[in-house]
2 protein chains.
Amino acid sequence: MTTNRSRPAGRPATIPDVAREAGVSRSTASRALADYGSVSPDARERVRAAAEKLGYRPNLLARSMITGRTHTLGAIVADIQNPFFAGVTRGITDAARAAGYQVLLANTDEDVAAERAAVKMLRDKHVDGLIVAPAATTETGHLAAAHAAGCPVVLLDRQAPGLPADSVTVDNHGAAQDAVRRLLAAGHRRIALVSLLGSAPPADTGAERAAAATPLPTDPVSTGLERIEGYRAALREAGLSDTDTYLRTGTFHREDPADLTADLLALPEPPTAVFATDSMIALGVLSAARDHGLRVPDDLSLVTFDDTDWARAVRPRVSVVAQPVQELGARAVHSLITRIEGATRPPEHTVLDTEYIDRESIAPPPGA
Amino acid sequence: MTTNRSRPAGRPATIPDVAREAGVSRSTASRALADYGSVSPDARERVRAAAEKLGYRPNLLARSMITGRTHTLGAIVADIQNPFFAGVTRGITDAARAAGYQVLLANTDEDVAAERAAVKMLRDKHVDGLIVAPAATTETGHLAAAHAAGCPVVLLDRQAPGLPADSVTVDNHGAAQDAVRRLLAAGHRRIALVSLLGSAPPADTGAERAAAATPLPTDPVSTGLERIEGYRAALREAGLSDTDTYLRTGTFHREDPADLTADLLALPEPPTAVFATDSMIALGVLSAARDHGLRVPDDLSLVTFDDTDWARAVRPRVSVVAQPVQELGARAVHSLITRIEGATRPPEHTVLDTEYIDRESIAPPPGA
DNA sequence: GTGAAAGCGCTAACAA
DNA sequence: TTGTTAGCGCTTTCAC
């Protein structure tokens with residue numbers, strides 16, 4: 001047991017303690033410890049030894065107050081329980097840690113108010129930057145403000161037009177179009193799309209209120225909308241002009257994908273295939289199909305976004321559009337860190353490749 | 001636009017700014033803002049208005065440096081991609097936010113070294129407390145040290161004997177025993193257990209090296225082990241003395257539950273039912289069953305821990321032991337916060353109820 | 001009830 | 001290269 005005369009046992013060692021022990025000034029100790037400025041090899045070593053002996057740990061709070069950097073990132077996603085966001089978050093935390101950053105997590109449940117509150121909290125905590133899967137692509141004032149105030153923002157999964165921030169996404173339109181083409185290639189013509197969108201539907205526009213068509217949100221850009229456009233493009237390409245008959249979109253918290261599917265299956269001419277825009281929706285589709293006594297893929301074909309664990313374990317295994325979830329998170333971290341470290345390049349939009357994985361959930365339509 | 005003569009536009013407002021604007025001293029402003037000490041209603045209101053006008057936001061870093069409290073919790077789990085931990089983490093972040101705390105997240109992949117590193121990082125960041133699903137229940141020196149140094153720790157999902165920390169768990173033994181009883185009640189006698197355990201198996205003890213038995217880790221307590229004991233108890237209770245014939249445990253990163261199951265199914269007298277100790281293992285079992293051309297539940301019955309989304313959407317829906325995942329996280333947060341706020345009661349061990357949910361994955365054994 | 005002054009632990013100009 | 005000095009923004013005695 002070493003006796004540290006000048007330092008009460010309970011209190012953690014500070015720079016003055018280390019400096020005293022090493023017989024140098026505070027600044028030299030600080031320079032040696034934080035590794036900046038110039039310090040003689042000799043002094044450096046004595047400081048290192050003293051720090052070691054005293055079990056010195058820098059007070060990161062004090063350091064952050066001076067440097068203005070906390071080495072903490074904020075991650076704002078819809079719901080960590082959604083496998084897509086779980087994977088993305090895993091990618092974020094891993095990449096962050098590897099780069100010497102920690103991450104503060106916030107869930108929004110696709111609610112803009114919650115997102116706004118999260119940004120506020122996170123900024124109050126002085127995070128160095130924000131990774132956000134925005135709940136809405138239009139109401140992004142809080143994100144723009146953060147960005148402008150020097151707290152860089154990178155958008156994940158969704159872009160926001162007019163917000164000069166980096167983004168990391170996949171080609172939703174192309175991937176959706178490709179998936180629907182697979183269904184078309186198998187001979188399907190009555191192909192449904194089931195999705196949940198972030199914003200509430202706009203006011204009823206009268207003419208649009210056809211029995212089958214669901215009004216779409218006004219958000220100019222959203223993952224869901226892009227996938228819908230990809231779906232429509234594929235149908236049009238196949239000569240099917242009526243692209244909205246089997247289109248069903250609900251709102252988070254308000255509609256259940258299983259109900260949306262049940263409606264479709266109750267139609268006089270029900271769809272023979274369904275394209276689900278994410279794995280949780282696919283679960284709802286599966287559920288509804290089961291309740292209707294329909295078998296996949298014989299009675300109903302299915303393809304979905306997101307390759308979750310269960311997709312390859314259930315029977316039939318389900319064909320999916322796999323997104324590189326962890327990579328999405330890791331790329332976002334890298335973009336963000338270059339910004340934090342001062343890069344002033346124009347906004348960079350990274351688009352990652354998806355992969356269609358063919359399994360057993362697509363068959364020709366019944367009676368074909 | 002108000003002109004703030006004394007404050008450059010770029011710099012955020014500070015207490016001196018607010019004080020000046022309100023015509024009071026810094027201390028009065030501080031007292032009014034942080035709501036302590038005594039301030040006259042009049043001064044209080046003037047300060048409030050000035051702060052509002054200037055868009056004042058307290059510098060939490062500076063405050064933390066003084067108060068020693070960051071209002072930040074550290075959450076250390078195995079893998080956020082595991083639905084169990086995703087749910088727990090969701091419960092943690094929600095409860096924390098509701099109580100005015102944020103959470104820093106760390107994944108360990110069941111690796112003690114990673115856990116140790118995470119604790120170090122988190123303590124360096126001055127978290128007010130730690131919620132840990134410990135990778136090992138024996139090597140807990142770093143947790144004990146944190147606790148002793150005034151950084152309270154609450155254990156989640158797993159207890160650690162000898163560590164005087166609060167814990168929040170479920171009755172794994174009882175729940176496992178109950179689940180296996182369901183299988184027994186359906187007429188099964190050859191019931192397997194498939195699990196993955198945290199620690200590496202101990203050195204070969206010779207006699208124990210029966211072809212069928214898998215050596216178990218030496219960890220005195222672990223979720224997996226408790227479930228195994230519950231399984232054995234149920235079998236013994238049913239008069240089956242040979243409890244380890246169909247017991248298969250692997251190690252994280254080393255074994256694949258599907259392979260473990262495949263071994264079982266290749267036995268001359270294969271099991272007719274499987275008890276999986278978590279949902280990710282159940283997926284492996286399902287996979288292996290499919291590869292063997294076995295149908296659930298006709299050829300093989302299945303019951304698993306954890307009620308994940310897919311368990312109620314696949315066909316057949318799988319019977320499960322549901323854990324109150326979010327509640328587990330929320331309780332941990334509450335225990336932790338009472339500690340942080342100074343409670344000095346003896347360690348408290350909260351045990352939450354599980355719920356057996358009967359679905360369609362259990363049938364009588366084939367040929368029964 | 002209020003203000004003056006000290007100080008948390010650290011970094012960063014500036015001199016020496 | 002090194003030490004001195006001055007803060008960062010805040011809370012908190014301690015007088016008044």
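Residue numbers begin at 1 in each chain, while the letters A, B, ... track the order of the sequences. All of these numbers come straight from a predicted model, not from anything done at the bench.
- Minimum atom distance to the side chain of B/Ala43 is reached by C/dT2, of the listed C/dT2, C/dG9, D/dT2.
- Here B/Arg26 does not pair with B/Asp17 in a salt bridge; the nearest charged N to carboxylate O distance is not below 4.0 Å.
- A distance of 9.5 Å separates OG1 of A/Thr14 from CG of A/Asn59, quoted to the nearest 0.5 Å.
- A/Arg44 has its CZ atom 10 Å from the P atom of D/dT1, to the nearest Å.
- Place B/Arg31 and A/Leu60 on DNA chain C by their nearest nucleotides, and B/Arg31 ends up nearer the 5' end.
- Taking atom CD1 on B/Ile15 and atom C1' on D/dT12, their separation rounds to 12 Å, with Å as the unit.
- Side-chain N/O atoms of A/Ser30 include one lying less than 4.0 angstrom from OP1 or OP2 on C/dT11.
- Atom P of nucleotide D/dT12 and atom CZ of B/Arg69 are separated by 12 Å, given to the nearest angstrom.
- Among the nucleotides C/dG3, D/dC10, D/dG9, the one closest to any side-chain atom of A/Met65 is D/dG9.
- Each of C/dG1, C/dG9, C/dA12 was ranked by its minimum atom distance to the side chain of A/Ser27; first place goes to C/dA12.
- Proximity of B/Thr28 to the phosphate of C/dT2: no side-chain N or O atom is located under 4.0 Å from OP1 or OP2.
- D/dC10 atom P lies 12 Å from atom CZ of B/Arg20, rounded to whole Å.
- Tested against A/Val127, the residues A/Val119, A/Val103, A/Leu104 include a single side-chain contact (heavy atoms from CB on, under 4.5 Å) partner, A/Leu104.
- The distance between atom CZ of A/Arg26 and atom P of C/dC14, rounded to the nearest whole Å, is 19 Å.
- Residues A/Thr70 and A/His126 bring no donor and acceptor atom of their side chains to less than 3.5 Å of each other.
- When the P atom of D/dG9 is taken as reference, atom CG of A/Leu61 falls 15 Å away, rounded to whole Å.
- Remark: B/Tyr36 is not in phosphate contact with D/dC10, judged by side-chain N or O atoms under 4.0 Å from OP1 or OP2.
- Whole-Å rounding puts the B/Glu45 CD to C/dG1 P distance at 17 Å.
- The listed nucleotides are C/dA12, C/dT2, D/dT11; the one nearest the side chain of A/Ile66 is C/dA12.
- Between the P atom of C/dG9 and the CZ atom of B/Arg63 lies a distance of 19 Å, rounded to the nearest Å.
- Proximity note for A/Ser38 (side chain, C-beta onward) versus D/dT1, D/dC10, D/dG9: the nearest is D/dT1.
- Nearest heavy atom pair, residue A/Arg69 against residue A/Ser64, reads O-OG, 3.0 Å.
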